[in-house]
Amino acid sequence: EAQVTQNPRYLITVTGKKLTVTCSQNMNHEYMSWYRQDPGLGLRQIYYSMNVEVTDKGDVPEGYKVSRKEKRNFPLILESPSPNQTSLYFCASSLSSRKNTGELFFGEGSRLTVL
Amino acid sequence: AQSVSQHNHHVILSEAASLELGCNYSYGGTVNLFWYVQYPGQHLQLLLKYFSGDPLVKGIKGFEAEFIKSKFSFNLRKPSVQWSDTAEYFCASSLSGNTPLVFGKGTRLSVIA
């Protein structure tokens, strides 16, 4: 089944404790992206990747890191989480940004709470 | 910079009422336009998309949207809503080429019996 898988789905952590949210897609998609969703602010892009070893900042990259060592995986790293990073995070992928189909396939979401 | 505006934050309708959700985009060139839906507790799913051609686009579950270039609009419509349409709806746009999608802030639709 074609899907985007995120883990963990739910996480409560404390300020400063490094964490990684994994994202994996099995559709051989070139493009992957991370969004955060906050009430009243909609979806905001954190980072995106056009292909392996190619990553770019989105609208709200501060406090986050990503890597794209393999095509299928695009982990989101919070080196030192802070309470303002409490949010619902979505990973998404698309066949190719160059072809600009724009049809993103989303993961189920990861709800992160930073105390 | 490219932006997408959804003017309705929360819409409440009775079952069988007609729906129209507004969406305006900022870019005057060639854009691709999308509507995504997020049912409660779920991830976003594509409802419909417009790249070119017929400006009236039909999507899944009876939804449609009309691209009006002169108004920079891509409003979502459904003639008769059902309780199961309760969800959050996001309009999004992208420019031709290597540009990511830009989302609007979303419109929450509540359908009551």
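Side chains are part of it too, since the values below use all heavy atoms of this structure and drop only hydrogens, waters and symmetry mates. All chains are named by letter (A, B, ...) in the order of the sequence lines, taking the proteins before the strands, and each is independently numbered beginning at 1.
- Heavy-atom distances place the side chain of Gln45(A), and not its backbone, under 4.5 Å from chain B.
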For residues 74-84 of chain A, which side-chain donor-acceptor pairs fall under 3.5 Å, sequence neighbours excluded?
from     : atom 1 : to       : atom 2 : distance (Å)
Glu79(A) : OE2    : Lys65(A) : NZ     : 3.0
Ser82(A) : OG     : Asn84(A) : OD1    : 2.6

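- For the set Gly109(A), Gly58(A), Gly107(A), the count of heavy-atom pairs under 4.5 angstrom toward chain B peaks at Gly107(A).
- A donor and an acceptor atom, one from each side chain of Asn24(B) and Ser5(B), are nowhere located under 3.5 Å apart.
- With sequence neighbours excluded, the residues satisfying salt bridge (charged side-chain N to carboxylate O under 4.0 Å, His left out) with Lys58(B) are Glu64(B).
- For Gln6(B), no part sits under 4.5 Å from any heavy atom of chain A, backbone or side chain.
- Contacts of residues 84-91 of chain B with chain A at a heavy-atom distance below 4.5 Å involve Glu88(B), Phe90(B), listed in sequence order.
- A distance of 6.0 Å or more separates the ring centres of Phe103(B) and Phe34(B).
- No hydrogens or angles considered: nothing links the side chains of Tyr35(A) and Tyr48(A) as a donor-acceptor pair under 3.5 Å.
- With respect to the salt-bridge test (charged N to carboxylate O, under 4.0 angstrom), the residues Arg77(B) and Glu66(B) qualify.
- Among residues two or more places apart in sequence or in another chain, the ring-ring contact (aromatic ring centres under 6.0 Å, His included) test is passed with His29(A) by Phe105(A).
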